[in-house]
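A quick write-up on the structure given underneath.
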Amino acid sequence: MKITFPDGSSRDYEAGTTLAQVAESIGRNLAKASLAAEVDGSLKDMSTPLDQASQVRFLTFNDEEGVDIFRHSSSHVMAQAVKRLYPNVKLAIGPPIQDGFYYDIDLPESINEEDLKRIEKEMDRIVAEKIPFTREVLSRKEGIKLFEELGEEYKVELIREIEDDTVSVYRQGDFVDMCRGPHVPDTGYVKSFKLLHTAGAYWRGDEHKKMLQRLYGTSWVDKKDLKAYLERLEEARKRDHRKLGRELELFSIEEEAGPGLVIYHPKGALVRTLIEDLEKKEHFRRGYQIVMGPQLLKVDLWKKSGHWDHYRENMYFTEVEGAQYGLKPMNCVAHMLIYKSSIRSYRDLPLRYFELGTVHRHEKSGVLHGLLRVRGFTQDDAHILCTPEQLNSEIRGVINFVRDMMGVFDFEYVMEISTRPEKSIGSEEDWERATKALMEALDDEGISYKINEGDGAFYGPKIDVILKDAIGRMWQCATVQCDFALPERFELEFVGADGERHRPIMLHRVILGSIDRFLGVLIEHFAGAFPAWLSPVQVKILTITDRSATYARSVAGRLRKEGFRVESDLRNEKIGYKIREARLEKVPYMLILGDQEADTGTVALRDREDGDRGTVSLEDFVELVRDLMSPPAIPYKEE
RNA sequence: GCCCACGUAGCUCAGUGGUGGAGCACUUCCUUGGUAAGGAAGAGGCCGCCGGUUCAAUCCCGGCCGUGGGCUCCA
């Protein structure tokens with residue numbers, strides 16, 4: 001029989017030859033590296049015998065599928081270890097995930113750090129035993145019987161729900177698990193792993209079902225990769241915006257004030273202001289009008305908007321003089337009222353209302369996280385009201401806006417479109433038209449995108465922008481959403497060229513999203529070392545001795561006149577000490593001033609990245625850094 | 001909201017059923033030193049909050065609040 005490989009070459013083999021033997025015949029290294037194989041499009045174990053001519057692709061740790069198979073096998077090894085140590089454990093599911101795997105288990109006692117170490121030791125034994133993974137196909141009935149006898153009620157529940165007549169199970173020695181497979185040939189493959197932490201997880205992700213224990217681990221084909229991954233985790237910890245936020249005196253969240261409520265200290269408030277100033281400027285350039293809505297609006301209005309029915313449990317309410325008010329969780333309602341305040345003509349459209357709107361949402365206590373998930377935050381929110389004909393160009397305008405802003409902050413990004421979910425409102429034509437408009441806008445801009453079927457908002461489809469930070473993590477910030485519901489509910493109209501009344505389409509969009517969250521992402525992206533234009537302190541003047549204080553004051557004055565943010569450290573401390581502190585504060589430029597500089601009108605420049613840069617004249621320094629001290633210019637584009 | 005862990009000085013963290021500690025930071029004094037920590041002294045704590053056990057609780061138990069890792073939900 002003829003076996004064909006991805007490079008187009010082929011070889012002949014006897015029927016019954018296993019994939020492992022095929023790999024071996026090609027080369028020792030391939031055989032060693034191959035974890036499983038893809039045969040005519042489906043994934044198979046290396047021990048699978050081939051019985052007919054096929055297309056074969058061997059999967060290694062360099063293939064996405066190979067990585068998943070490897071991690072999946074890792075989770076089986078962990079499950080086997082758990083089962084050896086806790087015979088009464090019931091297993092739920094154990095899939096591979098990004099960078100690792102987990103297994104959900106049901107166990108009366110709870111697993112702690114020391115237990116994880118014990119489980120790791122047991123896993124080491126299982127790995128050393130090199131137990132082969134063997135596949136077995138059972139009928140559903142046999143499968144149910146097998147797992148009922150084992151007391152594995154979760155597996156039984158899963159088998160009852162699958163539609164096939166057969167189920168496959170994998171054995172590794174005394175351990176058996178229901179599993180689609182494939183797996184690596186034996187447990188010896190999984191030697192570079194580490195169990196990371198435990199967590200609670202609902203059975204089948206349903207908060208009404210039982211809470212299980214989830215054990216998280218990571219595994220790699222090579223010890224080096226494991227080490228690199230653990231170092232990456234360490235790097236992420238160092239960049240944690242909660243830690244840096246405190247160290248750099250940017251913000252705090254105090255128990256006294258309330259969970260999820262951010263207090264911006266001078267430096268954090270300054271960075272936020274710089275971002276917001278840039279946002280205002282860029283919005284004005286793009287034809288947005290700034291508006292401001294009140295923090296409290298009457299409950300009747302929230303009933304009209306649908307928030308009372310759909311969002312009430314996330315809102316804060318209060319009563320004043322017998323009238324019920326709700327604290328705004330979104331900015332749209334006031335914008336609707338502005339639109340309705342006069343009769344609109346098609347000539348007025350599009351209308352782009354922009355608000356740096358501070359909103360409050362009663363998030364569940366367990367989800368709060370630094371600046372990334374809070375209860376009070378400020379969005380760079382806008383609602384664009386336009387005609388159906390204008391939809392495409394408005395969406396493209398937003399996309400370009402996002403593109404420009406991501407460039408300013410040095411972020412890469414990808415875009416995704418989310419389509420109609422099952423629970424949704426509006427006509428099929430509206431949804432189709434709006435989804436098409438979003439896709440066409442991205443196509444027209446030459447942007448590739450992924451589609452998330454059924455992931456849209458209940459009132460319309462959306463584009464999400466997922467940005468990628470300096471260490472490869474993804475964050476969702478910008479979003480563009482079509483909304484049919486609000487124009488309908490508020491009976492928004494415009495008079496068309498035909499003299500008839502028409503309903504405008506509304507786009508809801510944010511560029512950075514929550515400014516608070518964006519700041520958190522920025523802190524982690526730059527590891528606290530903001531680019532000069534965003535740094536709270538741009539230049540720090542450090543004196544060698546008291547004798548230089550007067551000169552230092554004149555230098556500071558000159559730089560302030562230039563608009564630079566300057567701080568002086570005139571303390572009676574050694575220069576090494578002052579430099580150390582300025583470095584920890586991540587100030588981009590340090591000017592070291594002693595007798596030599598005072599005598600010659602120069603500054604000894606030191607920067608955050610390159611260290612000592614020698615002596616330059618004060619005026620040369622100003623020229624050198626001037627352009628870096630304000631936000632990068634965004635070229636003006638004709639709409 | 002749910003599961004697990006944690007909560008000691010501004011920060012990082014030791015610690016014990018009977019009197020609370022260190023380093024850094026802070027204050028004062030000495031030192032005037034040229035590219036990542038000079039020296040000395042001092043001040044600083046409802047040991048998260050409430051209740052229980054105990055002759056005695058920061059420590060043991062319970063509840064609450066908060067934080068962390070996740071789940072669910074989301075900007």
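Residue numbers start from 1 in every chain, and the chains themselves are labelled A, B, ... in the order their sequence lines are given, proteins ahead of strands. Below, all heavy atoms of this structure are taken into account, side chains as well, without hydrogens, waters or symmetry copies.
- Comment: A:Glu282 engages A:Arg286 in a salt bridge, judged by a side-chain N to carboxylate O separation of less than 4.0 angstrom.
- At the heavy-atom level, A:Arg373 lies under 4.0 Å from base atoms of the strands shown.
- Distance noted for atom C1' between B:rU16 and B:rA57: 11 Å (whole Å).
- B:rC59 makes up no base pair with any nucleotide shown, lacking Watson-Crick or G-U wobble contacts both under 3.5 Å.
- Listed nucleotides: B:rC71, B:rA37, B:rA75. Nearest to the side chain of A:Arg580: B:rA37.
- Contact check, A:Arg242 against B:rU67: no side-chain N or O comes under 4.0 Å of OP1 or OP2.
- Residue A:Glu597 places a side-chain atom within donor-acceptor reach of the base of B:rG34, judged by atom type and a 3.5 Å distance cut-off alone.
- B:rC59 and B:rG69 have their P atoms separated by 27 Å, with the value rounded to a whole Å.
- Comparing B:rC61 with B:rG20, their C1' atoms sit 23 Å apart, to the nearest whole Å.
- Listed for the A:Trp203 side chain is no donor-acceptor partner under 3.5 Å among the backbone atoms of A:Ala92.
- In terms of polar N and O atoms assigned as donor or acceptor, the side chain of A:Glu363 comes within less than 3.5 Å of the base of B:rA75 in a complementary pairing.
- Between B:rA56 and B:rG17, the distance separating the two C1' atoms is 8 Å to the nearest Å.
- Of the candidate nucleotides B:rA75, B:rU32, B:rC2, B:rU32 has the atom nearest to the side chain of A:Arg547.
- Within 4.0 Å of A:Val510, counting heavy atoms only, lies no atom of the nucleic acid at all.
- A salt bridge links A:Glu234 with A:Arg237: the distance from a Lys NZ or Arg NE/NH1/NH2 to an Asp or Glu carboxylate oxygen falls below 4.0 Å.
- Using a 4.0 Å heavy-atom criterion, one finds that A:Asp206 contacts no nucleic acid atom at all.
- Under the Watson-Crick or G-U wobble criterion, with both distances below 3.5 Å, B:rC6 is paired with B:rG66.
- Here CD1 of A:Ile384 is found 3.5 Å from OH of A:Tyr288. Values are rounded to the nearest 0.5 Å.
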Show your working on salt bridge (Lys or Arg N to Asp or Glu O under 4.0 Å) between A:Arg571 and A:Glu581 and close with a plain yes or no.
CA-CA 12 Å; A:Arg571 291 176 305 171; A:Glu581 284 205 344; 2.7 Å; yes
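- Stacking of the aromatic ring of A:Tyr216 onto the base of B:rG70 is not found under the criterion of centres within 5.5 Å and planes under 30°.
- Checking B:rA37, B:rG1, B:rC74 against the side-chain heavy atoms of A:Arg361 singles out B:rC74 as nearest.
- The phosphate of B:rA37 has neither OP1 nor OP2 within less than 4.0 Å of any side-chain N or O from A:Arg583.
- Within the nucleic acid shown, A:Val374 comes within 4.0 Å of at least one base atom, counting heavy atoms only.
- Nearest nucleotide to the A:Met211 side chain, out of B:rU67, B:rC2, B:rU72: B:rC2.
- Of the candidates B:rA75, B:rU35, B:rU32, the closest approach to any side-chain atom of A:Gln481 belongs to B:rA75.
- Residue A:Asp546 has its side chain nearest to B:rU32 when only B:rU35, B:rC71, B:rU32 are considered.
- Taking atom CG of residue A:Leu368 and atom P of nucleotide B:rG68, one finds them 8 Å apart after rounding to whole Å.
- Spacing between atom CD of A:Glu207 and atom C1' of B:rC73 amounts to 8 Å, rounded to whole angstrom units.
- The gap from the C1' atom of B:rC4 to that of B:rA43 amounts to 40 Å, rounded to the nearest Å.
- With a cut-off of 3.5 Å on both pairing distances, B:rA25 has no Watson-Crick or G-U wobble partner at all.
- For a distance-only test at 3.5 Å, the side chain of A:Arg214 fails to qualify as a donor-acceptor partner of the base of B:rC4.
- Taking the ring centre of A:Tyr264 as origin, the terminal cationic atom of A:Arg272 falls inside the region bounded by 6.0 Å and 45° from the ring axis.
- Nucleotides B:rG18 and B:rC3 have their P atoms positioned 33 Å apart, rounded to a whole Å.
- Between A:Ser110 and B:rC4 there is no side-chain polar atom (N or O) within less than 4.0 angstrom of OP1 or OP2.
- For B:rG33, there is no paired nucleotide, since no Watson-Crick or G-U wobble pair has both relevant distances below 3.5 Å.
- A:Leu385 CG to A:Met336 CE: the interatomic distance, rounded to the nearest 0.5 Å, is 5.0 Å.
- Across all strands shown, B:rG1 pairs with B:rC71; the Watson-Crick or G-U wobble distances both stay below 3.5 Å.
- Look at the C1' atom in both B:rG33 and B:rG45: the space between them is 36 Å, to the nearest Å.
- Base-pair partner of B:rG20: not found among the strands shown (Watson-Crick or G-U wobble, both distances under 3.5 Å).
- Comparing the same atom, P, in B:rG10 and in B:rG44 gives a spacing of 12 Å after rounding to whole Å.
- Counting non-hydrogen atoms under 4.0 angstrom, A:Ala582 reaches nothing in the nucleic acid.
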